[in-house]
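No experiment lies behind these values; they were computed from the predicted model shown. Throughout, protein chains are lettered first and strands after them, A, B, ... in sequence-line order, and every chain is numbered starting at 1.
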2 protein chains.
Amino acid sequence: MDRRQQKTRNAIYDALTELLKKKKFEDLTVQDIIDEANIGRSTFYSHFETKDQLLEEMCREMFEHVFSHDLAPEAGHDFSGGHKGIAERLTHVLYHISEHKENISAILGGESEQTFVRFFREYLEDAFDDVLGHVNTKVPKDFRKQFIIGSFVETVKWWIATGLKLAPEQVVEYYLTLIGGGSK
Amino acid sequence: MDRRQQKTRNAIYDALTELLKKKKFEDLTVQDIIDEANIGRSTFYSHFETKDQLLEEMCREMFEHVFSHDLAPEAGHDFSGGHKGIAERLTHVLYHISEHKENISAILGGESEQTFVRFFREYLEDAFDDVLGHVNTKVPKDFRKQFIIGSFVETVKWWIATGLKLAPEQVVEYYLTLIGGGSK
DNA sequence: AAAATATCGAACATCGTGTTCGATATCATG
DNA sequence: CATGATATCGAACACGATGTTCGATATTTT
């Protein structure tokens, strides 16, 4: 591949990484990016069709290059029989995320869906108050709170995405079953 | 309040509800809304500063008018001592959501943050494969899968939002503790 | 050295936003 | 019902971002 292309591509990626420290992705303009990257306007559009495609490709590269080694057991470094434990693997993922926290935090801090979810969470905080009080556990309360609320929100999003096929009671029953044993 | 204001406001809300059946919120233009509502451009802006404020207010009204009765025990209809069970209350919430599924599905189906989360979920599906195989339970596999992945994604989002204060190991430990007991 | 190709950057058309203002229609009130 | 208040209308405008085009220039490949 032509060195100029690589140079431009890196300049764009670096610019985006830099800009994400200051602004949310959806607030960035193409002008911001090409100014920061110091490239011509038409050059940007010869590499990416839109700003969103840039994000798409950046995410793809992150997962291909940064996280790709977490799942596959590394030959020669693994003495447990070629199969890493789930705890260890998840730990690695979290470490990688913390190494790239500028980028990922900015990307994960999006808007749009958030407006509704924000109200929903606020509402659920009250609904879950008593559930949180009645258990003894070594897991801190704020963590349990986050967990219970977050997983319920995700359950509801999944329920909607799959076309509301389960009855509400069924969803609640399954959900409480999975939550129930977890408070030890 | 002046009848004209109420009329306009309802026209806007109805228009938004109608349009959300066809398009995602972030793809709607103010022009779309005022055309559907059949009002003048300046009229829209005399009611709402931006499109986002419209969504904000609509969400607020939904939670105030639709969900407000789920938490407070209704006097005269509750024979269990003035305190509804969590299952019953959550069921009510889900019912209300299903009654408003057009609006809520459209609002919850946002973009932005999703790009990253989509890759993240795909990645986690592989990582969680073995966890899902080794348990006997009456909760369907696709539900458990959604639950485990969704709650982990939410945990990570929370971890990032609170400034990565916990060590990765700690996060994983807490998370697995809460998940562990739930697979019965 | 020559041919191929990537970048530059200015100019342009297009679209959505949010504002302004005078004319018109509707309302609340006495 | 008459009148002052106020909400709506709708055209016009300035602004900013998007994505395209094209000839000139610079760099790379062979």
Side-chain angles (χ1 to χ4, degrees), chain A residues 1-61 106-107 109-115, chain B residues 1-61 106-107 109-115:
Chain A
M1 177 185 264
D2 198 311
R3 295 175 204 159
R4 290 170 293 181
Q5 286 188 53
Q6 269 305 346
K7 201 174 154 190
T8 297
R9 219 179 172 77
N10 289 337
I12 292 175
Y13 282 157
D14 290 347
L16 180 54
T17 300
E18 191 59 31
L19 289 170
L20 281 177
K21 295 176 184 171
K22 307 167 196 161
K23 276 187 182 182
K24 280 180 273 190
F25 179 76
E26 55 260 35
D27 293 334
L28 290 179
T29 66
V30 173
Q31 196 64 47
D32 290 334
I33 297 171
I34 68 184
D35 286 347
E36 178 76 30
N38 206 32
I39 61 170
R41 184 168 193 73
S42 56
T43 304
F44 176 88
Y45 283 107
S46 76
H47 281 261
F48 303 99
E49 288 183 9
T50 66
K51 204 183 59 165
D52 292 302
Q53 197 201 334
L54 166 60
L55 180 61
E56 180 95 6
E57 307 252 349
M58 200 188 203
C59 286
R60 174 172 289 116
E61 293 213 358
I107 294 173
E111 232 34 280
S112 307
E113 162 205 355
Q114 315 309 56
T115 305
Chain B
M1 176 185 263
D2 198 311
R3 295 174 205 160
R4 289 169 294 181
Q5 287 189 53
Q6 267 307 345
K7 199 174 156 191
T8 298
R9 219 178 173 78
N10 288 337
I12 292 175
Y13 281 157
D14 290 348
L16 180 55
T17 300
E18 191 58 30
L19 290 170
L20 282 177
K21 294 176 185 171
K22 306 166 196 163
K23 277 187 183 182
K24 282 180 272 192
F25 179 77
E26 56 260 35
D27 293 334
L28 290 179
T29 67
V30 173
Q31 196 63 47
D32 291 333
I33 298 171
I34 67 184
D35 286 347
E36 178 75 31
N38 205 31
I39 61 170
R41 183 166 193 75
S42 56
T43 304
F44 176 88
Y45 282 107
S46 75
H47 281 260
F48 304 98
E49 288 182 8
T50 67
K51 203 183 62 167
D52 292 302
Q53 198 200 335
L54 166 60
L55 181 61
E56 180 94 7
E57 307 252 349
M58 200 186 203
C59 286
R60 173 172 290 115
E61 293 213 356
I107 295 173
E111 235 30 283
S112 306
E113 162 205 354
Q114 315 307 56
T115 304

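Only A:R4, listed by number, bring a heavy atom of residues 4-15 of chain A to less than 4.0 angstrom from any atom of DNA chain D. Within residues 34-51 of chain A, the residues approached by DNA chain D to less than 4.0 Å at the level of any non-hydrogen atom are A:R41, A:S42, A:Y45, A:T50, in residue-number order.
A side-chain donor-acceptor contact under 3.5 Å links B:D32 and B:T29. Under the 3.5 Å distance criterion, with hydrogens and angles disregarded, a donor-acceptor pair is assigned to the side chains of A:D35 and A:Q31.
A straight line from CG of A:D27 to P of D:dA17 spans 11 Å, rounded to a whole angstrom. In this structure, CD of A:E26 is placed 15 Å from P of D:dA17, rounded to the nearest angstrom. Atom CD of A:Q31 and atom C1' of D:dT18 are 10 Å apart (whole Å). Atom P of nucleotide D:dT29 and atom CE of A:M1 are separated by 12 Å, given to the nearest angstrom. The CG atom of A:L54 sits 15 Å away from the C1' atom of D:dT18 (whole-angstrom rounding).
B:F25 carries B:K51 over the face of its six-membered ring, with the cationic atom under 6.0 Å from the centre and within 45° of the normal.
The CG atom of A:D52 lies 12.0 Å from the CD atom of A:E57; values are rounded to the nearest 0.5 Å.
Taking each heavy atom of B:H47 and B:Q5 in turn, the nearest pair found is CE1-O, 3.6 Å. B:I33 and B:A15 get closest at one heavy-atom pair: O-CB, 3.8 Å.
Crowding of A:E49 atom CD: a count of heavy atoms from other residues, nucleotides or ligands under 6.0 Å not exceeding 12.
A:T43 places no side-chain N or O within 3.5 Å of a backbone atom of A:I39 that could act as its donor or acceptor partner.
Comparing B:V30 and B:R3 by the nucleotide of DNA chain C whose heavy atom lies nearest to each, the residue mapping closer to the 5' end is B:V30.
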